[in-house]
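Reading through the structure tokens given below for one structure.
Just so you know, ligand 1 is whichever comes first in the structure, and atom 1 is the first atom listed for that ligand. From a predicted model like this one, the values you see are computed outputs, not experimental measurements. Throughout, numbering of the chain's residues begins at 1 and tracks the sequence.
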Amino acid sequence: MIENPPNDDSSSRVSTSDDIEVGTYLEIAQADRAQGSNSSIDERMKTIVILDFGSQYSRLIARRVREANTYCELVPHDAGPEILEDQDVVGIILSGGPNSVYEDDAPMAPTWVYDAGVPILGICYGMQLIAHQLGGTVARGTEREYGHAVLHKDGQDNILFDGLENEVPVWMSHGDKIEELPPGFKSMAYTENSPLAVMGNENGTYFGIQFHPEVAHTPQGSEILRNFVFGVCGAPGDWTPANFVNDAVARIKEQVGDGKVICALSGGVDSTVAAALIHRAIGDRLTCIFVDNGLMRKGEADRVQNVFASQLGVNLIFVDGTERFLHALKDVTDPEVKRKCIGAEFIKIFEEVAIDIGEVDYLAQGTLYPDVIESTSADSKASHKIKTHHNVGGLPEHMDLKLVEPLRYMFKDEVRKAGAELGLTPQSVNRQPFPGPGLAIRIMGEVTPEKLEILRNVDWIVIDEIKNDGLYDKLWQSFAVLTNTKTVGVMGDQRTYQYVVAIRAVTSDDAMTADWARLPYDTLARISNRIVNEVDEVNRVVLDITSKPPGTIEWE
Ligand code: XMP
């Protein structure tokens, strides 16, 4: 079976990610609030606020809290107190971060955090901040503590460790340590290298933990976070699929009013669920546009038409752009140019259709919460663009449409749950991601109708066998790549000279990092046999065993 190490980095680059590149997420969060995007939603959500001090694990904390059916928002460490008005904040978590609290320009928790009158949990740097800001002492440790450690409870009962054994395996990653507790705090647990690994104040409202409960290497970390969220903060655990559908529908109604919305469908989960939510909110004032770029998988275009027009009853405009895309791709071999050609053609077609529809006010976009965080976090600004992503949301500014982003506060798994709640089939909501430029970026060299046909047939076999062996839902993606290489083979008594295809299957949480999947040999054998037997133009199958990094998931 597939046995890959857990993937702790939860930063995200899913299908709609690269389009928002402006501003810090402080600005975006403030802009959201200025527009009053939450204000008339009757019930303010009971919310845990996570202040992001720059840890690579910050968004994992958010995911874990959401997994505990509790709404949370990850905000920059210097966010203002507005969120206290917008939401019913029941607790605050201070994330880890790369700084040392005693450095001159180290980020501090703003005073409103301590004035809010709600419980606080500091994780790693967050713990050191609580110690530092409330009168304790933090110093450089003699040794960095990194990796596995065993936490020993200090004897007394501790709500944070409710239900846990006396010894708890945890994951550490810190250089500094707390030397002196702030007044009113006591030590609650220690590890071999950290005499003060957990602290709490006497009235049981502020806690600091030196380890990372959010990563998979702290196996009971989710329970510890749940103890904080439920036991300490008293959160009701009401962030259920039904509620996040209601919440999204209420936000859409409020934002769109009597306006009209267009939504470009890609066939993927995000645009499907976004459209279904908007349809639930505003019915016929939504028009969906599906452009078949001729670069889809076998049967995909029919499937999308069927789901939207027949199952959901959504206004759907279907455009067969195959000829135009293939024409635009003629003689193009450079991967970046390919992507740009596809993007440009898509925009042209979309504009033409939009003009035909007449007056429209909003454009729907399937931006996810990790995209919002990713596109605006400090390190994403410095990060290099690896590939140009063509996405259905990357549409021209001059169309002057306002954006409606119903998935803006959801993680991918919540999107899938929302889809199921809206009545979409498991087949629609559990689909593996598929890139906007489609098979074009899985064909090395020029994209031709012949190569597309070969890859469609190969891809069909791969997915078929992966599904037959019950692996589809366990993999982030599984697909075939048509290389530009031909090799010699022998079939019967005949010498063959045909294409090499590569099988790519990865596990991942979010596509930012990925590991190649250890597919069972029997599955691989069946895939390989079927491909060379059923697809004449292929005589060799190889397996891609590269993780990301250093590889990317797609080949170009
Ligand atoms: P890479 O290849 O960058 O892919 O590791 C990460 C994830 O993004 C998908 N991908 C794309 N999605 N337009 C998309 O909508 C694109 O141009 C594109 N390129 C890659 C890829 O399938 C994987 O899930």
Give the atoms of ligand 1, by number and element, whose distance to some non-hydrogen atom of Ala511 is under 4.0 Å. 6 (C), 7 (C)
Can an N or O of Ile553 be found at a distance shorter than 3.5 Å from an N or O of ligand 1? yes
Could you check Val269, Leu424, Val273, Asp270 and say which one makes a side chain to side chain contact (heavy atoms under 4.5 Å, CB included) with Arg416? Val269
Counting only heavy atoms, tell me which of Gly268, Gly343, Pro435 gets closest to atom 11 (C) of ligand 1. Pro435
Taking both backbone and side-chain atoms of Lys548, is any N or O found less than 3.5 Å from an N or O belonging to ligand 1? yes
Mind checking whether Trp476 has a heavy atom under 4.0 Å from ligand 1? yes
Looking only at non-hydrogen atoms, which of Gln432, Glu554, Arg339 approaches atom 21 (C) of ligand 1 most closely? Glu554
Can you tell if the side chain of Val372 reaches within under 4.5 Å of the side chain of Thr367, non-hydrogen atoms only? yes
Closer than 4.0 Å to some heavy atom of Pro437 - which atoms of ligand 1 meet that? 13 (N), 16 (C), 17 (O)
Looking at Arg63 and Asp509, is there a salt bridge between them, counting it only when a charged N and a carboxylate O are closer than 4.0 Å? yes
Run Arg540 and Gln498 through side chain to side chain contact (heavy atoms under 4.5 Å, CB included) and show every step you take. CA-CA 8 Å; Arg540 194 176 294 269; Gln498 299 292 6; over 6 Å; no
Are any of the N/O atoms in Pro433 less than 3.5 Å from those in ligand 1? no
Assess, by modelled atom type and distance only, whether the side chains of Thr272 and Ser428 contain a donor and an acceptor separated by less than 3.5 Å. no
Indicate yes or no for a side-chain donor-acceptor contact from Glu556 to the backbone of Arg442 under 3.5 Å, with no hydrogens or angles considered. no
